> 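A single structure is presented below for examination.
Letters A, B, ... mirror the listed sequences (proteins, then strands); counts begin at 1. Just so it is clear, the structure is predicted and the values come from calculations on it, not from any experiment. Just the heavy atoms: all of them, side chains too, but no hydrogens, waters or symmetry mates, feed the values below.
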Number of protein chains: 2
Amino acid sequence: MEHRIERIKKLLHAQSYKLTPQREATVRVLLEREEDHLSAEDVYLLVKEKAPEIGLATVYRTLELLSELKIVDKINFGDGVSRYDLRKEGAAHFHHHLVCMECGTVEEIVEDLLEDVEKIVERDWQFKVKDHRLTFHGICRKCQQKELE
Amino acid sequence: MEHRIERIKKLLHAQSYKLTPQREATVRVLLEREEDHLSAEDVYLLVKEKAPEIGLATVYRTLELLSELKIVDKINFGDGVSRYDLRKEGAAHFHHHLVCMECGTVEEIVEDLLEDVEKIVERDWQFKVKDHRLTFHGICRKCQQKELE
DNA sequence: AAATCAATTGAGAATCATTCACAAATTATA
DNA sequence: TATAATTTGTGAATGATTCTCAATTGATTT
Ligand SMILES: [Zn+2]
Ligand SMILES: [Zn+2]
Ligand SMILES: [Zn+2]
Ligand SMILES: [Zn+2]
């Protein structure tokens with residue numbers, strides 16, 4: 001935890017940004033809830049528990065900043081809000097998501113899986129891939145079992 | 001064109017929806033601009049040229065309806081607006097997109113490319129895939145050439 | 001064709017997420 | 001400590017989307 005905060009602090013300093021208390025509190029929330037996919041509002045409410053004076057705009061600004069620095073990725077599952085997702089330590093690519101159409105849970109896939117597809121896209125479309133977003137919509141394991149009952 | 005309108009009309013009737021003049025005008029805009037990725041506002045302005053009395057809410061309602069019927073897919077490239085994309089004739093899956101980070105153009109990939117990945121996801125995550133969203137962000141061919149100059 | 005009933009529409013208000021503006025507070029630096 | 005630049009909180013502004021509701025339309029029955 002502290003180790004990851006340190007690393008983020010260095011990334012900020014490298015671009016001459018400061019790790020203010022508000023920013024640190026925000027990062028801590030993201031670390032503590034790493035497996036979730038929090039909206040800005042979600043983050044705001046959680047940060048308020050640690051730092052009640054924080055303003056919503058600051059949370060938006062911090063998330064925006066972390067996005068620029070590729071510390072978090074901004075995703076959209078089509079429900080009208082942006083969600084913010086910490087990059088896995090040392091991950092070259094953004095991870096993938098499985099969204100259950102039944103219960104709404106979101107699973108993560110850390111494995112790359114797209115290596116071959118990216119090669120094809122670069123070769124056949126001459127498009128230089130920098131990043132990707134891959135989301136599968138379907139039925140999760142639990143909901144499949146429920147359907148059988 | 002007329003043939004595709006007819007098909008859509010049948011899809012609507014099958015669920016006992018009507019193809020009203022407003023809905024037809026909206027579908028015609030989508031057909032005419034099939035290669036674009038129009039926002040609701042874009043569609044509204046174009047439909048107004050054919051049917052000036054139409055209201056924005058009707059366009060939203062129509063796009064929502066076409067989404068439910070899987071005639072169009074709703075996508076979000078992270079710029080704050082939803083975009084609406086006609087499914088290709090007879091396509092089993094939603095097509096993929098290449099978004100240029102430099103000039104903003106959006107290319108389409110109709111080829112499936114994800115067959116193997118979906119098999120892996122179904123087998124290893126026991127997730128029943130119904131749909132997907134795949135977008136690559138990077139540099140398009142034209143912008144790569146510009147950089148070399 | 002008129003009557004009937006449900007579906008659909010247009011207009012504008014309401015809502016919701018996100019951004020902006022700006023004065024006050026904080027931080028790093030001299 | 002004085003200075004300058006960055007960051008913050010507040011509340012207002014914006015922009016996209018949804019909602020409300022009375023009026024209109026479309027299909028169906030007489
Ligand atoms: Zn589920
Ligand atoms: Zn994730
Ligand atoms: Zn380009
Ligand atoms: Zn498309």
> Between A/His132 and A/His93, is the ring centre distance below 6.0 Å?
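Judged by ring-centre distance (under 6.0 Å), A/His132 and A/His93 do meet the cut-off.
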> Under a 4.5 Å cut-off applied to non-hydrogen side-chain atoms, are B/Lys70 and B/Val72 in contact?
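Contact flag for B/Lys70/B/Val72 side chains = no.
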> Students should find this one: the first and last nucleotides of DNA chain D, 5' to 3', lying under 4.0 Å from a heavy atom of chain B. What are they?
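Answer, 5' to 3': D/dA16 to D/dG26.
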> Among pairs that include at least one residue of residues 17-31 of chain A, which meet side-chain hydrogen bond (donor to acceptor under 3.5 Å, both in side chains), considering only residues two or more places apart or in two chains?
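Only A/Glu2-A/Arg28, A/Glu24-A/Arg28 qualify under side-chain hydrogen bond (donor to acceptor under 3.5 Å, both in side chains).
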> Do the side chains of B/Glu147 and B/Lys142 get close enough for a salt bridge, i.e. N-O under 4.0 angstrom?
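Here B/Glu147 does not pair with B/Lys142 in a salt bridge, since their nearest N and O are not under 4.0 Å apart.
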> Running the 4.5 Å side-chain criterion over Ile, Leu, Val, Met, Phe, Trp and Tyr, what cluster does A/Ile109 land in, apart from itself?
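ILVMFWY cluster around A/Ile109 also holds A/Leu98, A/Leu113, A/Leu114, A/Val117, A/Ile120, A/Val121, A/Trp125, A/Phe127, A/Val129, A/Leu134, A/Phe136, B/Leu98, B/Ile109, B/Leu113, B/Leu114, B/Val117, B/Ile120, B/Val121, B/Trp125, B/Phe127, B/Val129, B/Leu134, B/Phe136.
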> Hey, are the side chains of A/Glu68 and A/Gln15 touching, using non-hydrogen atoms and a 4.5 Å cut-off?
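Not in contact.
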> Would you call A/Ile71 and A/Arg87 a side-chain contact if the rule is heavy atoms closer than 4.5 Å?
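When only atoms from C-beta onward are counted, A/Arg87 and A/Ile71 do not touch, as no gap falls below 4.5 Å.
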> Quick one: bend of the helix from C/dA1-D/dT30 to C/dA30-D/dT1 from 5 pairs per end, to 10°?
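Taking five pairs per end, the axes differ by 20°.
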> Listed in order of residue number, which residues of residues 5-20 of chain B have a non-hydrogen atom at under 4.0 Å from DNA chain C?
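Within residues 5-20 of chain B, the residues near DNA chain C are B/Tyr17, B/Lys18, B/Thr20.
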> Near DNA chain D, under 4.0 Å by heavy atom, which residues of residues 65-85 of chain A?
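The stretch gives none, as no residue of it lies under 4.0 Å from the strand.
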> What salt bridge (charged side-chain N to carboxylate O under 4.0 Å, His left out) pairs are there with at least one residue in residues 90-114 of chain B, not counting sequence neighbours?
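Sorted result for residues 90-114 of chain B: B/Lys88-B/Glu108.
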> How long is the gap from CD1 on B/Ile5 to CG on B/Leu19, to the nearest 0.5 Å?
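The CG atom of B/Leu19 is 7.0 Å from CD1 of B/Ile5, to the nearest 0.5 Å.
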> To the nearest 0.5 angstrom, please state how far the NZ atom of A/Lys146 sits from the SG atom of A/Cys140.
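Between atom NZ of A/Lys146 and atom SG of A/Cys140 there are 6.5 Å.
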> Rest of the hydrophobic cluster containing A/Leu148 (Ile/Leu/Val/Met/Phe/Trp/Tyr, side-chain heavy atoms under 4.5 Å)?
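Besides A/Leu148, the hydrophobic cluster comprises nothing; the residue is isolated.
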> Would you please confirm or rule out a distance under 4.0 Å between OP1 or OP2 of C/dT26 and any side-chain N or O of A/Gln22?
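It does not, given that no N or O in the side chain of A/Gln22 lies less than 4.0 Å from OP1 or OP2 of C/dT26.
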> Please list, by residue number, the residues of residues 35-64 of chain B whose heavy atoms come closer than 4.0 Å to an atom of DNA chain C; answer none if no residue qualifies.
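Of all residues in residues 35-64 of chain B, the ones placing a heavy atom under 4.0 Å from DNA chain C are B/Glu53, B/Ile54, B/Gly55, B/Ala57, B/Thr58, B/Arg61.
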> I'd like a table of donor-acceptor pairs (distance under 3.5 Å, sequence neighbours excluded) in which one partner is a side-chain atom from residues 54-66 of chain A, with atom names and distances.
from	atom 1	to	atom 2	distance (Å)
A/Thr58	OG1	A/Arg61	NH2	3.2
A/Thr62	OG1	A/Thr58	O	2.8

> Return yes if some donor-acceptor pair links the side-chain N/O of B/Arg83 with the main-chain N/O of B/Asn76 below 3.5 Å, else return no.
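Not a single qualifying donor-acceptor pair exists.
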> List, by chain and number, the other hydrophobic cluster members for B/Ile75, where Ile, Leu, Val, Met, Phe, Trp and Tyr join if side-chain heavy atoms come within less than 4.5 Å, directly or indirectly.
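Under the 4.5 Å side-chain rule, B/Ile75 groups with B/Phe77, B/Phe94, B/Val99, B/Val106.
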> Test of understanding: with ring-ring contact (aromatic ring centres under 6.0 Å, His included), list the residues that count as partners of A/His95, not counting sequence neighbours.
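For A/His95 the ring-ring contact (aromatic ring centres under 6.0 Å, His included) partners, ignoring immediate neighbours, are A/His97.
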